[in-house]
K.L.:
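Could you have a look at this structure, given as structure tokens, before my questions?
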Amino acid sequence: MMGAFALALILSAWKLYKFMPNKQLEDDDNTKESVDQLTFIMIDTIQTSSTPPTHKELFILIKSHSDFDEKHFWRFNENRLHQLLQKYYTIHNLSSIEEIHKKAVQE
């Protein structure tokens with residue numbers, strides 16, 4: 001009886017191990033490199049625009065950026081842009097797209 005229990009436990013652990021993902025997906029856009037690339041595209045887009053874009057305009061401009069890979073960032077949406085902006089604001093003590101644009105123009 002104890003042997004059957006041990007065998008069932010080992011089999012269950014093996015099934016759980018096989019079920020869990022153990023390699024990174026090709027289109028995973030939550031890695032540090034992907035987030036850095038999206039942030040770079042976002043800042044580059046804000047810097048190259050003549051006037052500070054609105055949130056919606058920025059989203060459209062980012063999706064049309066030459067470095068934006070539609071297949072890799074297929075989950076990119078306005079909410080993800082909002083999260084990127086909030087993270088950037090927190091790191092650089094800014095509060096709006098206009099401030100990012102003003103800072104970029106000054107540099």
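All values derive from a computational prediction rather than experimental measurement.
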K.L.:
How many angstroms lie between CG in Leu58 and CD1 in Ile46, if you round to the nearest 0.5 Å?
P.N.:
5.0 Å

K.L.:
If I compare all heavy atoms of Gln37 with all of Asp67, which pair ends up nearest, and what's the gap?
P.N.:
NE2-O, 3.6 Å

K.L.:
Taking atom types as modelled, find out whether Glu99 and Ser95 have a side-chain donor-acceptor pair closer than 3.5 angstrom.
P.N.:
yes

K.L.:
How many angstroms lie between OG in Ser66 and CD1 in Ile41, if you round to the nearest 0.5 Å?
P.N.:
8.0 Å

K.L.:
Shortest non-hydrogen contact from Pro53 to Ile97?
P.N.:
O-CG2, 3.5 Å

K.L.:
Would you mind telling me which of Phe40, Phe76, Phe59 makes a ring-ring contact (aromatic ring centres under 6.0 Å, His included) with Phe68?
P.N.:
Phe76

K.L.:
Go through the steps for Arg80 and Asn77 under the test side chain to side chain contact (heavy atoms under 4.5 Å, CB included), then give the verdict.
P.N.:
CA-CA 5 Å; Arg80 180 73 190 273; Asn77 56 22; 3.5 Å; yes

K.L.:
So Leu85 and His55, side chain to side chain contact (heavy atoms under 4.5 Å, CB included) or not? Walk me through it.
P.N.:
CA-CA 10 Å; Leu85 284 169; His55 193 272; 3.6 Å; yes

K.L.:
Cluster question for you: counting only ILVMFWY and a side-chain heavy-atom cut-off of under 4.5 Å, with indirect links fine, are Leu61 and Tyr88 together?
P.N.:
no

K.L.:
At their closest point, which heavy atom of Ser49 faces which heavy atom of His101, and how far apart are they?
P.N.:
O-NE2, 2.9 Å

K.L.:
Examine distances only and state if a side-chain atom of Ser34 and a backbone atom of Asn30 form a donor-acceptor pair shorter than 3.5 Å.
P.N.:
no

K.L.:
Is a side-chain N or O of Glu57 found less than 3.5 angstrom from the main chain of Thr54, in a donor-acceptor match?
P.N.:
yes

K.L.:
How many angstroms lie between atom CD of Glu78 and atom CD of Gln83, to the nearest 0.5 angstrom?
P.N.:
12.5 Å

K.L.:
Answer yes or no: are there more than 12 heavy-atom neighbours, outside His82 itself, under 6.0 Å from its atom NE2?
P.N.:
no

K.L.:
Using side-chain heavy atoms (C-beta onward) and a distance below 4.5 Å, is His65 in contact with Met42?
P.N.:
no

K.L.:
How long is the span from the CD atom in Glu98 to the NZ atom in Lys103, to the nearest 0.5 Å?
P.N.:
15.0 Å

